[in-house]
Amino acid sequence: MTYNRKAYLYLLPSLTLATVFFIMPALSSAFLSFFSPGGYISLFKNRYFLLAVRNTLTFTFLFIPINTLFPLVLASLTRKDDRMSLFFRNIYIIPLSFSLALIAVVFRKMFSNSGIISRTLGLDFSFLDSPSGSFASLVLLSLFLDVAVNYIILYSSFRSIDKSIIEMALIDGAEKNRLFFSIEIPLIKKAIFLVLALGIKDALLISSPIMILTSGGPFRSTESIMFFYYVEAFSNMNYSYANSISTLMLSLSISSSLFFAKRRKHD
């Protein structure tokens with residue numbers, strides 16, 4: 001058996017599962033949506049869907065910069081081989097030890113009117129009862145869920161930089177700020193693009209944290225596109241909307257992935 005055939009044989013179980021549970025349903029949904037274009041017209045006339053689009057875009061623009069810069073700063077500050085850096089490295093990857101549901105429930109308790117946040121600030125109300133407070137809580141929860149993976153990606157990239165390049169730059173008199181922004185950041189650009197791509201994917205497809213933390217409220221202020229899809233597909237049984245939304249989001253996700261893949265290849 002040739003090497004290529006053996007490799008495909010190992011991939012066969014995963015390819016079979018992906019085909020049966022992802023590719024075939026996605027193609028079926030797209031096929032049905034294209035034969036009922038009225039679903040798209042009705043969808044874009046629905047004010048609650050347009051509100052979900054606005055919420056998703058707002059969340060994306062708030063989430064992506066922080067989700068990229070915060071772990072980048074953490075990774076740059078803890079790449080030294082000392083005990084303090086080792087201690088904080090272990091702290092930053094703790095979120096990987098817990099499930100999404102558990103973390104979301106803890107956040108819901110923290111931001112309730114009897115939670116530690118309200119009691120520490122001396123307040124007697126729940127942040128989750130106001131649109132701005134619930135939205136901010138959702139952003140913080142999403143950052144906490146993503147920080148560990150992004151930190152590992154960026155920290156590994158920093159550690160993989162050839163030390164001889166840094167040494168030559170220091171010999172030439174490069175200052176720390178210039179060294180960081182002009183040499184190190186360009187060398188880990190592909191990792192930063194990967195973090196951006198993962199962040200955009202998470203922002204556009206966010207639904208599970210919303211289900212547990214806010215249930216889309218208050219007043220639909222935290223309802224995302226995928227949460228709207230969940231409600232229409234599984235609560236209202238509106239399969240016309242469900243097929244249209246799934247096709248749109250799948251097309252958007254594929255386009256976004258291809259864009260970042262092309263940029264990474266170009267760089």
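Position 1 is the first residue of the sequence; numbering continues from there.
Pro71 approaches Val147 most closely through the heavy-atom pair CB-O, 4.3 Å. Of all the heavy atoms in Leu96 and Ala148, the pair that sits closest is CG-CB, 3.5 Å. Among all heavy-atom pairs drawn from Leu179 and Ala169, the shortest one is CD1-CB, 3.6 Å. Closest heavy-atom contact between Ser255 and Ser251: OG-O, 2.8 Å. Summarising the geometry of Arg159 relative to Arg79, their closest heavy-atom pair is NH1-O, 2.7 Å, with the distance given to 0.1 Å. Pairing each heavy atom of Ala203 with each of Thr60, the nearest pair is CB-OG1, 3.5 Å.
Asp129 contributes no side-chain N or O that, together with a main-chain N or O of Asn113, makes up a donor-acceptor pair within less than 3.5 Å. Checked by atom type and distance alone, the side chain of Ser85 never pairs as donor or acceptor with a backbone atom of Asp81 at under 3.5 Å. Put simply, the side chain of Ser28 never gets that close to the backbone of Met24: no donor and acceptor are under 3.5 Å apart. Remark: the backbone N or O of Ala52 is not paired with any side-chain donor or acceptor of Arg220 at under 3.5 angstrom. Between the side chain of Ser126 and the backbone N or O of Leu128, at least one donor-acceptor pair lies under 3.5 Å. Under a 3.5 Å cut-off, the side chain of Ser157 and the backbone N or O of Ile188 do not form any donor-acceptor pair.
Rounding to the nearest 0.5 Å places OG1 of Thr214 at 9.0 Å from CD of Glu223. One distance of note links OG of Ser182 with CD of Glu175; it measures 10.5 Å at 0.5 Å rounding. Between the CD1 atom in Ile171 and the CD1 atom in Ile166 there is a gap of 11.5 Å [rounded to 0.5 Å]. A distance of 7.0 Å separates CD1 in Ile210 from CZ in Phe59, rounded to the nearest 0.5 Å. Atom CZ of Phe111 sits about 5.0 Å away from atom CG of Leu140, to the nearest 0.5 Å. Here the OG1 atom belonging to Thr68 is positioned 11.0 Å from the CZ atom belonging to Phe193, to the nearest 0.5 angstrom.
Counting only heavy atoms from C-beta outward, the side chains of Phe107 and Pro209 never approach each other to under 4.5 Å. A 4.5 Å side-chain heavy-atom check between Ile152 and Ser156 finds at least one atom pair inside the cut-off. Side-chain contact between Val106 and Phe98 is absent, with no heavy atoms from C-beta onward closer than 4.5 Å. Using a 4.5 Å heavy-atom cutoff, the side chains of Met226 and Ile206 are not in contact. Ser134 places a side-chain heavy atom less than 4.5 Å from the side chain of Ser221. The side-chain heavy atoms of Asp202 and Leu145, taken from C-beta on, include no pair separated by under 4.5 Å. With contacts defined as side-chain heavy-atom distances shorter than 4.5 Å, the pair Phe127/Met110 does not qualify. At least one side-chain heavy atom of Ile185 sits under 4.5 Å from a side-chain heavy atom of Leu72.
Tyr229 and Ser207 share no side-chain donor-acceptor pair at under 3.5 Å.
Under a hydrophobic clustering in which Ile, Leu, Val, Met, Phe, Trp and Tyr are joined whenever their side-chain heavy atoms come within less than 4.5 Å, directly or via other members, Leu51 and Leu138 fall into different clusters. If you chain together hydrophobic residues whose side chains sit under 4.5 Å apart, Phe61 and Val53 fall into the same group. The cluster map of Ile, Leu, Val, Met, Phe, Trp and Tyr, joined by side-chain heavy atoms under 4.5 Å apart, puts Leu204 and Leu62 in the same cluster. By the criterion of side-chain heavy atoms lying less than 4.5 angstrom apart, applied directly or through intervening Ile, Leu, Val, Met, Phe, Trp or Tyr residues, Leu15 is not grouped with Tyr10; the two fall into different hydrophobic clusters. Residues Phe219 and Leu213 do not share a hydrophobic cluster, defined by chaining ILVMFWY side chains whose heavy atoms lie under 4.5 Å apart.
For Ile165, the CD1 atom counts as densely surrounded, since its 6.0 Å shell holds more than 12 non-hydrogen atoms of other residues, nucleotides or ligands. For Phe70, the CZ atom is loosely surrounded, since the number of other residues' heavy atoms within 6.0 Å does not exceed 12. Summarising the local packing, CZ of Phe180 is surrounded by more than 12 heavy atoms from other residues, nucleotides or ligands at distances under 6.0 Å. Residue Arg178 qualifies as open at atom CZ: its count of foreign heavy atoms under 6.0 Å is 12 or below.
Between Tyr230 and Phe227, the ring planes are tilted. Angles from 30° to 60° get that label.
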Ile93 and Tyr151: CA distance, side-chain angles, deciding distance, side chain to side chain contact (heavy atoms under 4.5 Å, CB included) verdict:
CA-CA 8 Å; Ile93 63 174; Tyr151 171 78; 4.1 Å; yes
Checking Phe88 against Leu77 for the side chain to side chain contact (heavy atoms under 4.5 Å, CB included) test, could you report, in this order, the C-alpha distance in whole Å, the side-chain angles of both residues, the deciding distance, and whether it holds?
CA-CA 9 Å; Phe88 283 107; Leu77 293 176; over 6 Å; no
Hey, mind stepping through Ile161 and Ile183 against side chain to side chain contact (heavy atoms under 4.5 Å, CB included) and telling me if it holds?
CA-CA 10 Å; Ile161 296 176; Ile183 297 177; 6.0 Å; no
Given Arg89 and Leu86, is the side chain to side chain contact (heavy atoms under 4.5 Å, CB included) satisfied, shown in steps?
CA-CA 5 Å; Arg89 286 200 294 270; Leu86 177 62; 3.7 Å; yes
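The ring-ring contact (aromatic ring centres under 6.0 Å, His included) with Phe49 is formed by just one residue from the set Phe44, Tyr40, Tyr241; it is Phe44.
Looking at residues two or more places apart in sequence or on another chain, you find no side-chain hydrogen bond (donor to acceptor under 3.5 Å, both in side chains) involving Asn90.
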